[in-house]
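Inspection log for the structure reproduced underneath, given as structure tokens.
When a residue number appears, it is its place in the shown sequence, counting from 1.
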Amino acid sequence: MYAKFAALAALVASASAQQVCTLTTETPPTLRWSKCTGNGNCTSINAAITIDANWRWLHSTSGATNCYSGNTWDETVCDSATSCATKCCVDGANYAGTYGITTSADSLNLKFVTKGGSSTNVGSRTYLMDGNKYQSFELLGNEFTFDVDVSNIGCGLNGALYFVSMDLDGGLSKFSTNKAGAKYGTGYCDAQCPRDIKFINGEANVEGWNPSDNDVNAGAGQWGTCCSEMDIWEANNMATAYTPHPCTEVGQTRCEGEACGGANSSDRYGGVCDPDGCDFNPYRMGDKEFYGLGKLLDTSKKMTVVTQFLKDAAGELGEIKRFYVQGGKIIANAPSKIPGVAGNSITQDWCDKRVTAFTDFDDFNRKGGMKQMGEALKKPMVLVMSIWDDHASNMLWLDSTFPVDSTKLGAERGACAVTSGVPSEIEAQVPNSNVAFSNIRFGAIGSTVAGLADFAAANPGPGTGTPPSSSSSVKPVTSSTSTVKPISTSTSTVKPITTSTRTSTTPVVTPTVAPTVGADRWQQCGGNGFTGPKTCKAPWTCNVVNEWYHQCL
């Protein structure tokens, strides 16, 4: 994910805390998902979701005084990281009324803007639960499948489903000042090392907090929270991408200041995680007719998304493979049309060739590439489902040309206008936008969709991953005995896709910069409120990304 701001809520008193209060009863919405054993034979599991603590009401433990309002802390209560953790509490959530979050059986609906009697909430981030802990998924050697409806989210919006290496208890056991835990949505981290999270490691991120100059509900503190991230689905009805983001440290890690990297640091790539990742976006890879309204994969209708995490001969992550199901047909992912970058799946070789073709900065390999991503996928990861808009770059990195004035290969990521996605505009113009995730299932390779194993065998797209035999197993998950009917599919007419096999690893691309004054490549060089250098070292020039962020490119 190019830029992911965690604090999307516009609820006046929305924030995160580590103490728990009960002025609002916490009643998590139920959500059913399924564990699959073969050819679409699945068993349903009764579970629930919780909303991230950053959205919840934060108030004093002695009453209802807000500890955080708008994008600032009340320093009379929160005068230090530790005192704030003892004086403030996080409360239960009114999921439907305050946040626009509803569930029905196996379906989760996330509304973009929800107006209550005294509040307006924008976006949400939710987690799948296993009792009072987050549900864990070990993805390597398995596949993850879900249905999604993005027909009502357009340019500038992102209905995201992804995995992060969070602590399953939300940090409850590791940090003595965290009394809330996973039940109240604590412990978030991702590969952007976000610094807008209000409590990290059980302490308030109040010290050094700077309110955002373009988001009335967000800011950034001295700390960020980092961990590996696998973006299964980032999409609206105009564009989609799936992206591995490796980190040199897999699990949740707190960073500080410039060492966080990402959007709030002068060196975007200075942290332990790869913020850009190796994304596969069909539009960016040259197929502009594969995904979208009325296209081959028609976003005006619900679709099924299948992602397989295949092992190589050494048992490491070899390939991340994508299939779709729509209208009773299994559809292979679009093949790349970029010269020299063959393939329709993510492999190490594909990532190496893609970064060379696009002349992107290769932080993916600097942070360990596919092998290091596999280290995260071997271990338990947490499922995240969210809807959000982007105050950093208007979601142009997903659905438009980015940077906006770039003409280089790979800059076109979707057909949205470069003027689209301004949060204040879309929040006012399309508040009733929503995304719906449903029919989530998880199992061995080829188990979640009837006919998929046969289709994949006939359409191999030879990457470096090897589908396991029919005896491949998934670690047991406690479940009920109700049965989900397999999906019926017709014989697909999609032709097999040929991909190249890996022969070598492309060296890290390191830009040569003349020793002149100004900001380095990729660093910020302007924008409203920016006080740093306004010029770039040769040969880079300062490009306007949006009103608040200019970047050396």
Side-chain angles (χ1 to χ4, degrees), residues 5-9 11-24 52-92 125 166-167 169-190 192-213 215-227 251-266 271-272 529 531:
F5 270 24
L8 307 178
L11 181 63
V12 170
S14 177
S16 168
Q18 304 309 118
Q19 301 292 318
V20 174
C21 284
T22 56
L23 295 182
T24 301
D52 186 282
N54 238 38
W55 272 256
R56 293 175 180 269
W57 182 23
L58 173 68
H59 60 86
S60 64
T61 55
S62 59
T65 301
N66 294 338
C67 293
Y68 180 96
S69 297
N71 57 13
T72 60
W73 295 87
D74 184 344
E75 294 183 359
T76 64
V77 181
C78 290
D79 57 351
S80 72
T82 53
S83 67
C84 192
T86 60
K87 295 177 182 178
C88 297
C89 59
V90 66
D91 221 311
R125 183 168 61 230
M166 294 169 62
D167 293 322
D169 65 358
L172 189 68
S173 60
K174 286 169 60 175
F175 308 110
S176 61
T177 51
N178 182 347
K179 306 300 182 184
K183 181 179 179 180
Y184 289 86
T186 68
Y188 182 71
C189 55
D190 67 34
Q192 305 300 318
C193 297
R195 291 167 62 182
D196 60 344
I197 306 301
K198 298 181 180 67
F199 273 75
I200 301 174
N201 293 8
E203 297 180 304
N205 199 10
V206 62
E207 296 177 17
W209 184 267
N210 289 311
S212 171
D213 59 4
D215 186 343
V216 297
N217 302 288
Q222 66 175 341
W223 292 326
T225 179
C226 314
C227 66
Q252 187 273 333
T253 304
R254 188 167 74 180
C255 62
E256 184 170 357
E258 289 294 295
C260 293
N264 293 114
S265 300
S266 61
V272 299
T531 59

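- At a threshold of 4.5 Å between non-hydrogen side-chain atoms, the residues K198 and L58 do not count as touching.
- For the residue pair E258/S266, the side-chain donor-acceptor check at 3.5 Å is satisfied.
- Closest non-hydrogen pair, A53 versus V90, comes out as O-CG2, 4.5 Å.
- Inspection of the Y68 and N66 side chains reveals no N or O donor paired with an N or O acceptor under 3.5 Å.
- Residues that satisfy the side chain to side chain donor-acceptor pair (under 3.5 Å) test with N205, not counting sequence neighbours, are absent from this structure.
- One finds no salt bridge joining D91 and R56 here, because no Lys/Arg side-chain nitrogen approaches an Asp/Glu carboxylate oxygen to under 4.0 Å.
- Between N71 and A218 the shortest heavy-atom distance is CB-O, 3.1 Å.
- For S83 and S80, the side-chain atoms include at least one donor-acceptor pair closer than 3.5 Å.
- Between R195 and S265 the shortest side-chain heavy-atom distance falls below 4.5 Å.
- Between atom OG1 of residue T177 and atom CG of residue L172 there is a gap of 10.5 Å, rounded to the nearest 0.5 Å.
- Sorted by first and then second residue, the salt bridge (Lys or Arg N to Asp or Glu O under 4.0 Å) pairs involving residues 69-87 (not counting sequence neighbours) form an empty list.
- Residues N178 and T186 have side chains that bring a donor and an acceptor to within less than 3.5 angstrom of each other.
- Not less than 2.5 angstrom separates the SG atom of C84 from that of C67.
- Here the straight-line distance linking atom CG of D169 with atom NZ of K183 works out to 14.5 Å at 0.5 Å rounding.
- Here Q192 contributes atom CD and C227 contributes atom SG; the two are 11.0 Å apart, rounded to the nearest 0.5 Å.
- Listed by chain and number, the residues in a side chain to side chain donor-acceptor pair (under 3.5 Å) with T253 are E249 (sequence neighbours excluded).
- A 4.5 Å side-chain heavy-atom check between C88 and C78 finds at least one atom pair inside the cut-off.
- Taken from CD1 in I200 to CZ in R254, the straight-line distance is 7.0 Å, to the nearest 0.5 Å.
- One side chain, T225 or Q252, offers a donor N or O that lies under 3.5 Å from an acceptor on the other.
- The closest donor-acceptor contact from the side chain of E203 to the backbone of A85 lies at 3.5 Å or more, if one exists at all.
- In terms of heavy atoms, V206 sits closest to W73 at CG2-CG, 3.6 Å.
- Note that the CG atom of D196 and the OG atom of S212 stand 9.5 Å from one another [nearest 0.5 Å].
- Here the shortest heavy-atom pairing between P194 and Y188 reads CG-CE2, 4.2 Å.
- Between C226 and C260, the gamma sulfurs sit at a distance of 2.5 angstrom or greater.
- For W209 against P211, the heavy-atom pair with the smallest separation is O-CD, 3.8 Å.
- In terms of heavy atoms, W223 sits closest to A81 at CH2-CB, 3.8 Å.
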